[in-house]
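Take a look at the structure below.
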Amino acid sequence: MSRLTEAQVKERYGILGEDLAGAGIDIDIVKEKVKDFAVEVPSWVFGGFGGGRFGDYMPPGPALDFRAKLRDAAKVHELTGAAPRVAVHIGWDKPEDVAFDAVEPDMFAEPRNYARELGIDFGAVNPTLFLTGTHYGSLSSPLPQVRRMLIEHCIVCCEIAREHSNGLVTYWLPDGTNYPGQRDLWQQEKLLREAFCEIAEAALDGVLHMVEYKLFEPGTYSTVISDAGVATEIADMLGDNAGVLVDMGHHAFGVNVAQIVARLIGTGRKGGFHFNTRYAADDDHAVEPNISMYAIFCELVAGGVVCAQDPERNWAYMIDQASSLENRIRAVLHSVDSLQVSLAKALVLNRERLRELQEEQKIIPANREFLKGFLTDVRPILWQARLEQDLPLDPVEAYDADGYQERIERERD
Ligand code: AFD
Ligand code: MN
Ligand code: MN
């Protein structure tokens, strides 16, 4: 694909443009919106911890420190033009010689300057609530000193987000139980809510708190923030500067994520995504432009929360993946490309025609109209957009030819 000439791209773009014009879709508008779309990449995908199974196998060339992670993130942005920010995980990305509970906001000024020199910037700040001492839970731990340490940690993370990033803090907690009877379930949840309120109270202005939910893990009997409903309730408790973080991998089989997205938008709540693909459970595989991702982007586009004229209306878009086997930089490039494909497909959907069919209760024609977007090969739009931005037509193929992987394997292994 990357062997296509400029003339071949323009030809394919022109043919698709005529098809779409017939349905009242302006391909140039779609292209410009695809150019506008940005997604954060997670620092933690590039290295820093073993795969867990397979004897701690790590794909070759893992980033061995925070600056290496930032260089890898910058490479993704260089090849896609769509990943200008990197989400940071404070417990993992703090200076190595600084104790977890001794982190201070200004310790992140220098690494942020380094990120900016690389052409990227910091994005969401993640408190790290699942390291040593959190085996009985984090903000709902039965051990007061653990709760206190992690409440302080979250408040520092809010200060880092406000002073050294874009003000976004995303919370995922490992709080749950493994057996019935292990804990008083409501008392556990009550401790967590009190902690959240203290954090939000301390970080009143300039911070957007995004509460992430997960069906299970590490707790296998119960999880305190287990689903979109709980996360919504906690976000509502925290007030206007809080929202719900939807991680694709965190749902039971069959849960309709597009419905969750439509509800959050429809009720005026702020939202955000941790994009990945869930096959069996929380495996955090790379994003694929599948039908569920298309349905989600159709809701985001219809809801005006992606590539909005007013950037304030946009949701927070982040990738969260770290599957244990594949080359992770290539996997993240694949995710960015897949998200752009899903967005473009959602933008070529003829919404007017779809609404007519919906209002006439024409179920199958409506389904077929909806599927027309999904079935459209929108790659000419991505290719034209990338041509105009002087970017490679295929970022994954470009990475293989780039020489960066060979270099980091020599440097790091
Ligand atoms: C794990 C959790 C959750 C969280 C991520 C980064 O399941 O998705 O967002 O770690 O903290 O994947
Ligand atoms: Mn996540
Ligand atoms: Mn996860």
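Just so you know, these numbers come straight off a predicted model, no measurement behind them. Just follow the structure's listing: the first ligand is 1, and inside any ligand the first atom is 1. Values reported hereafter were calculated over all heavy atoms of this structure, with side chains retained and with hydrogens, waters and symmetry mates removed. Position 1 is the first residue of the sequence; numbering continues from there.
- Around atom 10 (O) of ligand 1, the closest heavy atom drawn from Asp320, Leu129, Leu245 belongs to Asp320.
- Between the OG atom of Ser165 and the CZ atom of Phe108 there is a distance of 11.0 Å, given to the nearest 0.5 Å.
- Electrostatic pairing of Arg355 and Glu352 does not count as a salt bridge here, judged by no charged N lying under 4.0 Å from a carboxylate O.
- Looking at Arg193 and Glu189, a side-chain N of the basic residue comes within less than 4.0 Å of a carboxylate O on the acidic one, giving a salt bridge.
- With hydrogens and angles left out, the side-chain atoms of Tyr399 and Gln405 include a donor and acceptor closer than 3.5 Å.
- Backbone and side-chain nitrogen or oxygen atoms of Asp247 are examined, and one is located within less than 3.5 angstrom of a nitrogen or oxygen of ligand 1.
- For the pair Lys345 (side chain) and Phe374 (backbone), a donor-acceptor distance under 3.5 Å is present.
- Trp44 and Asp320 share a side-chain donor-acceptor pair at under 3.5 Å.
- Heavy-atom proximity to atom 3 (C) of ligand 1, evaluated over Lys214, Met248, His250, is greatest for His250.
- Scored by the ring-ring contact (aromatic ring centres under 6.0 Å, His included) test, Tyr279 finds His285 as partners (sequence neighbours excluded).
- For the Mn ion (ligand 2), protein N/O/S neighbours under 2.8 Å (waters excluded) are Glu212 OE2, Asp247 OD2, His274 ND1, Asp320 OD2.
- The closest protein non-hydrogen atom to atom 11 (O) of ligand 1 is His89 NE2, 2.6 Å.
- Nearest N/O/S atom of Asp282 relative to the Mn ion (ligand 3): this is OD1.
- The closest donor-acceptor contact from the side chain of Glu40 to the backbone of Ala124 lies under 3.5 Å.
- In this structure, the protein non-hydrogen atom closest to atom 12 (O) of ligand 1 is Asp284 OD2, 3.4 Å.
- A salt bridge links Lys35 to Glu32: at least one charged side-chain nitrogen sits closer than 4.0 Å to a carboxylate oxygen.
- With respect to atom 9 (O) of ligand 1, the closest heavy atom belonging to the protein is Glu212 OE1, 2.7 Å.
- In the vicinity of Phe130, heavy-atom distances shorter than 4.0 Å reach the ligand 1 atoms 11 (O).
- Here's the thing with His274: one of its N/O atoms is less than 3.5 angstrom from an N/O atom of ligand 1.
- Counting only distance, with no hydrogens or angles, the side chain of His251 and the backbone of Met248 share a donor-acceptor pair below 3.5 Å.
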